[in-house]
Amino acid sequence: MEDLERLCHEILRYLKGEQVDFSWCPVNLSDLSDFERDVLEHTRRIPYGHTMTYGELAAQMGRKRASRAVGSALSKNPYPIIIPCHRVVSSKGMGGFCGSKDPENLSLKRKLLELEGVKI
DNA sequence: ATATTAACAATCG
DNA sequence: CGATTGTTAATAT
């Protein structure tokens, strides 16, 4: 419960454009499959302001061709922003965010990346 | 309980 | 564009 307060303040700092790191934040990934957990673990390690491709992340996990599976795993991310799934993009375009590639979600993803100073 | 299929936030040629 | 990929959830056997 102490963590929750800290988290709220960190989110505000993040929204102000400060370079915040959320890796300290405890999460519960027990509902997910092993693969999905693995994907999210790797996603957590992507540093602020950096970006990675679905394929690159797959490769980094030793599953070179599982880019698509990485996408579906990310779509189940229970902690958007805390686990920075917005830093994983498509090799061509934008990919998706928060479970879909709905334009609303994509524009939010774009805003977050822009916040972090990523060139689009 | 296992086998098959469809659906995906993708990628490559 | 089409073929193909890994994983999961739904459906069928």
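The sequence lines fix the lettering, A, B, ..., with proteins before strands; numbering per chain opens at 1.
Each of A/Gly55 and A/Arg68 was assigned the nucleotide of DNA chain B with the nearest heavy atom; the assignment lying further toward the 5' end belongs to A/Arg68. In terms of position on DNA chain C, the residue among A/Lys76 and A/Lys92 whose nearest nucleotide sits closer to the 5' end is A/Lys92.
Checking B/dA9, B/dT11, C/dT7 against the side-chain heavy atoms of A/Ala69 singles out C/dT7 as nearest. In the set B/dT11, C/dT4, B/dA9, the nucleotide with an atom closest to the side chain of A/Ser90 is B/dT11. Nearest nucleotide to the A/Arg65 side chain, out of B/dA9, C/dT7, C/dT5: C/dT5. Between C/dT8, B/dT11, B/dA9, one nucleotide has an atom nearer to the side chain of A/Phe35 than all others, and that is C/dT8.
Not a single donor-acceptor pair under 3.5 Å links the side chain of A/Ser67 to the backbone N or O of A/Tyr54. No donor-acceptor pair closer than 3.5 Å links the side chain of A/Tyr14 to the backbone N or O of A/Leu115.
Within a 6.0 Å sphere centred on CZ of A/Arg65, other residues, nucleotides and ligands contribute 12 heavy atoms or fewer.
Put simply, A/Arg63 has a side-chain N or O that comes within less than 4.0 Å of OP1 or OP2 on C/dT7. Between A/Ser72 and B/dA7, a side-chain N or O to OP1/OP2 separation shorter than 4.0 Å is absent.
When the P atom of C/dT7 is taken as reference, atom CZ of A/Arg37 falls 14 Å away, rounded to whole Å. Between the C1' atom of C/dT7 and the CD atom of A/Glu36 lies a distance of 8 Å, rounded to the nearest Å. Between A/Arg110 atom CZ and B/dA9 atom C1' the separation is 14 Å, expressed in whole Å. Note: NZ (A/Lys101) to C1' (B/dA7) measures 11 Å, nearest angstrom. Spacing between atom CG of A/Asn105 and atom C1' of B/dA9 amounts to 10 Å, rounded to whole angstrom units. Rounded to whole angstrom, the span from the CE atom of A/Met94 across to the C1' atom of B/dT11 amounts to 17 Å. Counting to the nearest Å, the C1' atom of B/dA9 and the CG atom of A/Leu113 are 13 Å from each other. The distance from atom NZ of A/Lys64 to atom P of C/dT7 is 15 Å, rounded to the nearest whole Å.
Consecutive Watson-Crick or G-U pairing (both distances under 3.5 Å) extending over three or more pairs maps onto DNA chain B as B:1-8 with C:6-13, B:10-13 with C:1-4.
Judged as a salt bridge (charged side-chain N to carboxylate O under 4.0 Å, His left out), and not counting sequence neighbours, A/Asp31 has no contacts.
Residue A/Ser91 is in sugar-phosphate contact alone, with no base atom involved, counting any heavy-atom pair closer than 4.0 Å across all strands shown.
Between the side chains of A/Glu116 and A/His50, not a single donor N or O lies within less than 3.5 Å of an accepting N or O.
At a threshold of 4.5 Å between non-hydrogen side-chain atoms, the residues A/Val88 and A/Ile46 count as touching.
Screening A/Asp38, A/Leu57, A/Asn77 against A/Thr43 for a side chain to side chain contact (heavy atoms under 4.5 Å, CB included) leaves a single residue, A/Leu57.
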